[in-house]
Amino acid sequence: MAKLMIREYIKTVMQRVLLPAVYNLSKKKNVRKDLVILADAHHDELPYSMRELAEALRAQPDFTVMELCKDYQKGSYLSIAKSMLAFMRAYANAGYVVICDNHLPVASCKKRPETKVIQLWHSGGALKRFGYDSPGNIPSGYHGGNVFANYDLITVSADYAVEPFVRAMRTDKSHVQVMGISRTDWFYKEERKAQIRARFAKEHPQAAGKRVILWAPTFRGNAGDPKLAGTQTIEKLRTELPDEYYLIVKLHPHAQKTVAVPDSMMLTEELLAVTDILISDYSSVIYDYAYFGKPLILFTPDYEEYKKECGFYEDYDSIPAYRAMDGEQLKAAIRQTDTWDEAAMHAFFARTMGACDGHATERIVQWMRARHE
């Protein structure tokens, strides 16, 4: 915890002093309207949420794409500082900056108005409170201004998500647009889904002919010190399931770092295409999964505590799902999945992910092109 606090303090000092200075010194006469920076502060490579848009932009001859990704929770302070400074130098002259999560350097200065910042965000819907709506979501020692500052476009999945994002990010409503979530476009690509199924069959041959159960929970606490609830119950379930089931545990990326060998090397989003039953909790993965219309179990042994500490935008009790608080309820819920109401799940997707129609990336590119020409 002390290490995390030191890291956050250093980032705050850089945010308020060094990064703005580098940005202002790096500004050239004209912004390069063709330059698109894809930036992320949580991964060392381009995150999944940006890949659909990256592919679309690279197909545009009049856009130049630059990737600047660095996990600021890993590496030495010097390596993190170098990455931040490299970003600021590029940021000072870019036409567009695209992010999909918190990215403090983006908010560290008053940016040039010609530069447009696009926040894709990394999840659909609006389930648990986040940002300034959630105590503890913003580091208590952070004093660098609004961590969501400088956004020109924030894409969300449906109309009902607009207000939560406006509040959580303390932004103007005009910046939040119901364009859909770019990364969900693959749901509508049959070839892509067939590739995922083929890869799954190759990597998990022991799942052949079985019903695949995926446990994909969110994490508790913060990204630097993630915690899980219900792990022992799930591991016990693994030993008690009938042979007709195949269980995969896939944790949130922050929590996954604590696991030596994951159950699957495939992404959670990809695994949804082969999942027959999803067990989750307060994770936004439930919105993506709703597209497939299959059974959902909400396993929440810490529900009352989580509801009090975090809270929800969504009426949690209205989500179409079986409920479980312990191992026996979880096994009972699995047995009930044969009576699943698929229509209710599709209606849930339409309400919470209605703009995710396979054309979200196209709309985002059109928004960029309208400002590029």
Side-chain angles (χ1 to χ4, degrees), residues 38-40 42 47-54 56-57 96-103 106-107 116-134 137-138 146-188 218 252 268-269 272 280 282-291 310-316 318-319 345-371:
L38 304 179
D40 190 77
H42 301 272
Y48 179 78
S49 296
M50 289 192 194
R51 294 178 190 173
E52 288 281 339
L53 182 59
L57 290 173
Y96 301 91
V97 173
V98 182
I99 56 179
C100 63
D101 206 328
N102 297 348
H103 195 288
V106 165
K116 304 302 178 185
V117 175
I118 301 172
Q119 173 60 270
L120 300 179
W121 206 234
H122 51 278
S123 60
L127 180 54
K128 56 183 178 289
R129 295 182 183 276
F130 71 101
Y132 290 100
D133 274 353
S134 177
N137 198 260
I138 307 298
N146 187 347
V147 300
F148 305 110
N150 285 333
Y151 296 171
D152 296 283
L153 173 65
I154 304 163
T155 62
V156 295
S157 61
D159 290 334
Y160 93 109
V162 172
E163 288 300 332
F165 274 75
V166 168
R167 287 169 42 193
M169 293 186 175
R170 290 183 177 173
T171 190
D172 189 271
K173 191 173 182 178
S174 63
H175 297 155
V176 184
Q177 298 293 320
V178 185
M179 291 187 178
I181 307 301
S182 174
R183 61 175 170 74
T184 65
D185 285 355
W186 75 267
F187 292 168
Y188 301 87
T218 191
H252 187 281
T268 301
E269 292 84 359
L272 297 181
S280 192
Y282 322 109
S283 171
S284 62
V285 71
I286 67 173
Y287 294 109
D288 287 22
Y289 181 69
Y291 168 83
C310 186
F312 305 101
Y313 298 112
E314 185 77 61
D315 178 0
Y316 196 74
S318 72
I319 298 172
M345 196 58 148
H346 286 308
F348 177 68
F349 182 84
R351 179 177 68 80
T352 61
M353 299 281 281
C356 299
D357 57 1
H359 300 285
T361 302
E362 179 183 338
R363 286 189 284 270
I364 295 167
V365 172
Q366 288 175 346
W367 185 93
M368 296 172 67
R369 185 162 295 287
R371 286 147 184 83

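The structure displayed is predicted, hence computed values, not measured ones.
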Self-check item: Approximate separation, where rounding is to 0.5 Å, of I118 CD1 and W367 CH2
Solution: 5.0 Å
Quiz item: Looking at residues at least two apart in the chain, or sitting in another chain, which of them share a side-chain hydrogen bond (donor to acceptor under 3.5 Å, both in side chains) with T361?
Solution: S182, D185
Quiz item: Is a side-chain N or O of K128 found less than 3.5 angstrom from the main chain of Y282, in a donor-acceptor match?
Solution: yes
Quiz item: Tell me, do T184 and M353 make a side-chain contact under 4.5 Å, heavy atoms counted?
Solution: yes
Self-check item: Carboxylate-amine/guanidinium contact R363 D357, below 4.0 Å
Solution: yes
Practice problem: Check ring pair (Phe, Tyr, Trp, His ring centres under 6.0 Å) between F148 and all other residues, then give those that pass, not counting sequence neighbours. | Solution: Y132
Quiz item: OH/Y316 to CD1/I286 distance, rounded to the nearest 0.5 angstrom?
Solution: 6.5 Å
Quiz item: Can you check side chain to side chain contact (heavy atoms under 4.5 Å, CB included) on I154 and Q177, steps first, answer last?
Solution: CA-CA 6 Å; I154 304 163; Q177 298 293 320; over 6 Å; no
Practice problem: Could I get the full list of ring pair (Phe, Tyr, Trp, His ring centres under 6.0 Å) partners for F348, not counting sequence neighbours? | Solution: Y287
Quiz prompt | Residue list, side-chain contact (heavy atoms from CB on, under 4.5 Å) with H346, at least two apart or on another chain | solution = E342
Practice problem: Could you tell me the separation between the NE2 atom of H122 and the CD1 atom of I99, rounded to the nearest 0.5 Å? | Solution: 11.0 Å
Self-check item: Partners passing side-chain contact (heavy atoms from CB on, under 4.5 Å) against P164 (at least two apart in sequence or in another chain)
Solution: A126, Y313
Quiz prompt | Which atom of C100 lies closest to which atom of D40, heavy atoms considered | solution = SG-OD1, 3.7 Å
Self-check item: Test side-chain contact (heavy atoms from CB on, under 4.5 Å) applied to A149 - qualifying residues, sequence neighbours left out
Solution: A107, N146
Exercise. Compare all side-chain heavy atoms of V147 with those of V106 and state whether any distance is below 4.5 angstrom.
Key: no
Exercise. Please name the pair of heavy atoms, one in A158 and one in G354, separated by the smallest distance, quoted to 0.1 Å.
Key: CB-N, 3.9 Å
Quiz prompt | Euclidean distance, W121 CH2 relative to D101 CG, rounded to 0.5 Å | solution = 5.0 Å
Exercise. Please tell me if the side chains of F165 and H175 come closer than 4.5 Å, counting only heavy atoms from C-beta onward.
Key: no
Quiz item: For D315, does its backbone N or O pair with a side-chain atom of S318 as donor and acceptor, under 3.5 Å?
Solution: yes
Practice problem: Might you point out which heavy atoms bring G125 and A161 nearest each other, and give the distance in Å? | Solution: O-CB, 4.1 Å
Self-check item: Where T352 and S157 come nearest, the two heavy atoms and their spacing
Solution: O-OG, 2.7 Å
Self-check item: Distance, nearest 0.5 Å, that separates OH of Y151 from CD of Q119
Solution: 4.5 Å
Exercise. Flag the pair L57 / M368 as yes when at least one side-chain heavy-atom distance between them is below 4.5 Å, and no otherwise.
Key: yes
Practice problem: Could you list the residues that satisfy salt bridge (charged side-chain N to carboxylate O under 4.0 Å, His left out) with E52, not counting sequence neighbours? | Solution: K189
Practice problem: Quick one: list whatever passes salt bridge (charged side-chain N to carboxylate O under 4.0 Å, His left out) with D159, sequence neighbours left out. | Solution: none
Quiz item: With sequence neighbours left out, what residues match S174 under side-chain hydrogen bond (donor to acceptor under 3.5 Å, both in side chains)?
Solution: D172
Exercise. Kindly indicate, with the supporting measurements, whether the criterion side chain to side chain contact (heavy atoms under 4.5 Å, CB included) is fulfilled by R51 and W186.
Key: CA-CA 10 Å; R51 294 178 190 173; W186 75 267; over 6 Å; no
Practice problem: Mind checking ring pair (Phe, Tyr, Trp, His ring centres under 6.0 Å) for Y291 and listing every partner two or more places apart, or none if nothing turns up? | Solution: F187, Y188, F349
Exercise. Heavy atoms only: give me the nearest V156-V176 pair and the separation to one decimal.
Key: CG1-CG1, 3.7 Å
Self-check item: Validation row: H42, N102 side chains within 4.5 angstrom (heavy atoms)
Solution: yes
Self-check item: Those residues that, when tested against D288, pass salt bridge (charged side-chain N to carboxylate O under 4.0 Å, His left out) (two or more places apart)
Solution: R183
Practice problem: Using side-chain hydrogen bond (donor to acceptor under 3.5 Å, both in side chains) as the criterion, list what pairs up with R351, not counting sequence neighbours. | Solution: E314
Quiz item: How long is the gap from CG on L120 to CG on L153, to the nearest 0.5 Å?
Solution: 8.0 Å
Quiz item: Could you walk me through whether I319 and L127 pass the side chain to side chain contact (heavy atoms under 4.5 Å, CB included) check?
Solution: CA-CA 10 Å; I319 298 172; L127 180 54; 4.0 Å; yes
